[in-house]
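Letters go in sequence order (proteins before strands), and every chain restarts at 1.
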2 protein chains.
Amino acid sequence: MDLDELDRAILRELQKDARRTNRDLAAAVGVAPSTSLERVRSLRERGVLRGYRADIDLESIGRGVQAMIAVRIRPPSRRNIEAFREWVARLPETVSVFVTSGTRDFLVHVAVPDTDGLYAFVIDRLTERPEVADVETSVVYEHMRTPAVEPVRPQR
Amino acid sequence: MDLDELDRAILRELQKDARRTNRDLAAAVGVAPSTSLERVRSLRERGVLRGYRADIDLESIGRGVQAMIAVRIRPPSRRNIEAFREWVARLPETVSVFVTSGTRDFLVHVAVPDTDGLYAFVIDRLTERPEVADVETSVVYEHMRTPAVEPVRPQR
DNA sequence: GGTAGCGCCGAATTTTGTTCGGCGGGGGTT
DNA sequence: AACCCCCGCCGAACAAAATTCGGCGCTACC
């Protein structure tokens, strides 16, 4: 999949603000609105642009405590891994799920109202699953996201 | 920050597709367009809705290999933690950074073109920092995100 | 039972999205 | 070297959406 500089500029703008008007977007990347519209359509059709998501403040929806929970599944068979993945992804506390190599099989990012909620998640929810052999919880103090397509670097 | 059922319905819709037209959004949540517009504005002003981001396929921008890297900082002083956080967040390979409690101080989610790129990131980039005492890399086979505001559950 | 305040509505206006015919430039062919 | 083809950008016209704002009704508190 090759992207030219215009495609990359468009992606950069859209990950800063996916709701910029097409006119603004066109002006920002230096083409006509019809051109940027066509490029965006192409990026969607090619699967580069998968969609647009609202960025919601977890604190203000009452989920201010976050944690990363490393989970070991035993035995780590396909059956157990897939079953756990589907189950954990559907829990309301789960924000995202990483399936990993290494000493642990999953990293589960959760957001809960408070530390009680976190404790309850670990000792009530996770332990209901027989394939969960081991759990290690780390509280997330801060979570920073960075753009997937890098900003342009200043040229000298 | 209290949200009523209409606010939550709007957030649910916007995290599925942040670019739905306001008319569609209004129809989906059962109010007039002017009402949903006003609610969305309020959610933004209150900081609940932080913005709108494009969801970009990492594979198609040449960053198909992902990993989670646990990093231990020694000594874990505020000075060292903040310096490392700022530095690592600016690297082009970094997708997101979790500052955590527990045996490790950071979890760094990276996306690179291939396994060579991953290896280079760990042994070239991370080791330039003197405060990095320990590094543990886990390849991410799969990453699933789930909505922050839960979908409505079917009522019986 | 009255009244004040809040939030929803819908029509009018402004702004934006979208389509499409044409034009220009780069690359390939003779 | 000249020609031609094709691709992609452009801009104007049309369609659709966002946004504003006056008014109305509901609720809750006198």
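Contact check on B/Asp57 versus A/Arg50 returns a salt bridge, with a Lys/Arg side-chain nitrogen under 4.0 Å from an Asp/Glu carboxylate oxygen. Using a cut-off of 4.0 Å between Lys/Arg side-chain N and Asp/Glu carboxylate O, A/Asp55 and B/Arg53 are scored as salt-bridged. Taking the charged nitrogens against the carboxylate oxygens, A/Asp4 and A/Arg39 do have a contact shorter than 4.0 Å, which makes a salt bridge. Salt-bridge annotation for B/Arg85 and A/Glu142: present, with a side-chain N of the basic residue lying under 4.0 Å from a carboxylate O of the acidic one. Salt bridge annotation for B/Arg41-B/Glu45: absent, with no cationic side-chain nitrogen under 4.0 angstrom from a carboxylate oxygen.
At whole-Å resolution of the value, CZ in A/Arg23 and P in D/dC10 are 14 Å apart. What separates CD of A/Glu5 from C1' of D/dG8 is a distance of 17 Å, to the nearest Å. Here D/dA18 presents its P atom at 9 Å from CG of B/Leu25, a figure rounded to the nearest Å. As a whole-Å value, the separation of A/Asp7 CG from D/dG8 C1' is 12 Å. Following rounding to the nearest Å, A/Asp4 (CG) and C/dG26 (C1') show an atom-to-atom distance of 15 Å. A/Leu6 places its CG atom 6 Å from the P atom of D/dC9, with the value rounded to the nearest Å. Separating the CG atom of A/Asp2 from the C1' atom of D/dG8 is a distance of 15 Å, rounded to the nearest angstrom. Atom CG in A/Asp24 sits roughly 7 Å away from atom P in C/dT16 (whole-Å rounding).
You'll find the ring centres of B/His109 and B/Phe98 outside the 6.0 Å limit.
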Would you list the protein and nucleotides 11-13 of chain D atom pairs, both N or O, that sit under 3.5 Å from each other?
residue : atom : partner : partner atom : Å
D/dG11  : N7   : A/Ser34 : OG           : 3.0
D/dG11  : O6   : A/Ser34 : OG           : 2.7

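For CD of A/Glu59, the number of neighbouring non-hydrogen atoms (other residues, nucleotides, ligands) closer than 6.0 Å is 12 at most. Annotation for A/Arg74: atom CZ counts as buried by contact number, over 12 foreign heavy atoms lying within 6.0 Å.
Rotation axes derived from the C1' atoms of the five outermost pairs at either end of the helix from C/dG1-D/dC30 to C/dT30-D/dA1 lie 30° apart, to the nearest 10°.
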Step-by-step side chain to side chain contact (heavy atoms under 4.5 Å, CB included) determination, B/Leu11 to B/Leu3: CA-CA 10 Å; B/Leu11 293 175; B/Leu3 305 173; 4.1 Å; yes
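B/Arg63 contributes a side-chain N or O that, together with a main-chain N or O of B/Glu93, makes up a donor-acceptor pair within less than 3.5 Å.
Near DNA chain C, meaning a heavy atom under 4.0 Å from it, residues 37-50 of chain A has A/Leu37, A/Arg41 in order of number.
Donor-acceptor pairing under 3.5 Å is recorded for the side chains of B/Ser42 and B/Arg46.
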